Amino acid sequence: MVSREHQRSAAALHEKLQLLRSITNSHALNKTSIIVDASKYIEDLKEKVQRLNQDMENAQTSSSGHDDFNALPVQVSVKTLEKGFMINVLSEKSCPGLLVSVLEAFEDLGLNVLEARVSCADSFRLQAVGGESVEEGESSMDAEAVKQAVIMSIKNWSQTTEND
């Protein structure tokens, strides 16, 4: 006679094996084959994790060169407004001197800072509205030109701080 506890235990084991079978996409029918398929599945997952970790290391290594702007810890976005631009500069870390560099880029472009919010404590955040001072006969610039000028000022700032 089989005890109820033994029946419950066998039913629970069967249920767990079926769950394991479905998770690993196994077509095996007996317990041993299901476990062997699960073992292979786990090994495949380990290899995938190793490849992903290696890919991440390679990506970090290749982006650590300072020639590539994407390596800089700074994000820049520029949106065109009715009369000017909304410029956002964001860095996860503090960037001493970056504000001056960006404001010099604005000046070089002929942008007047109409409104700005800046935080330079633990991170660097700049949100500025810049208005063009367009004289007659001059063509106005586009958001991409503003963005490229700000990016160049950040690159120059990065190179000067790197040499210090």
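This structure is a prediction, so every number in the text was calculated from the model and none was measured.
Listed here is the closest heavy atom pair of W157 and L98: NE1-N, 3.4 Å. When all heavy atoms are compared, the tightest approach of L17 to K31 is CD1-CG, 3.3 Å. Annotation for V76 and V150: closest pair CG1-CG1, 3.9 Å, computed over non-hydrogen atoms.
Side-chain atoms of N30 and S33 include a donor-acceptor pair closer than 3.5 Å.
I35 and L13 fall within a single hydrophobic cluster, where Ile, Leu, Val, Met, Phe, Trp and Tyr are joined by side-chain heavy atoms under 4.5 Å apart, directly or via other members. By the rule that hydrophobic residues join a cluster once side-chain heavy atoms approach within less than 4.5 Å of another member, L114 and L99 end up as members of separate clusters. Under the 4.5 Å side-chain heavy-atom criterion for ILVMFWY residues, no single connected hydrophobic cluster contains both L90 and I151.
Taken from CD1 in I87 to NZ in K147, the straight-line distance is 12.0 Å, to the nearest 0.5 Å. From Q148, atom CD reaches atom OG of S153 across 11.0 Å, with rounding to the nearest 0.5 Å. The distance from atom OG1 of T80 to atom CZ of F85, rounded to the nearest 0.5 Å, is 5.0 Å. Here the straight-line distance linking atom CG of D108 with atom CZ of F106 works out to 11.5 Å at 0.5 Å rounding. A distance of 5.5 Å separates CE in M86 from CG in L81, rounded to the nearest 0.5 Å.
Put simply, the side chain of V129 does not reach to within 4.5 Å of the side chain of V113, judged on heavy atoms. For the pair V74 and F124, the minimum side-chain heavy-atom distance is 4.5 Å or more. Between R117 and R125 there is no side-chain heavy-atom pair separated by less than 4.5 Å.
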Please tabulate, one pair per line, all N/O donor-acceptor pairs under 3.5 Å involving side-chain atoms of residues 39-51, not counting sequence neighbours.
none

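For residues 13-27, the side-chain hydrogen bond (donor to acceptor under 3.5 Å, both in side chains) pairs, not counting sequence neighbours, are Q18-R21, S26-D37.
Crowding of E5 atom CD: a count of heavy atoms from other residues, nucleotides or ligands under 6.0 Å not exceeding 12.
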Going through the distances and angles, do N88 and L126 end up as a side chain to side chain contact (heavy atoms under 4.5 Å, CB included)? CA-CA 6 Å; N88 288 295; L126 167 66; over 6 Å; no
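Not counting sequence neighbours, E107 has no partner by the side-chain contact (heavy atoms from CB on, under 4.5 Å) test.
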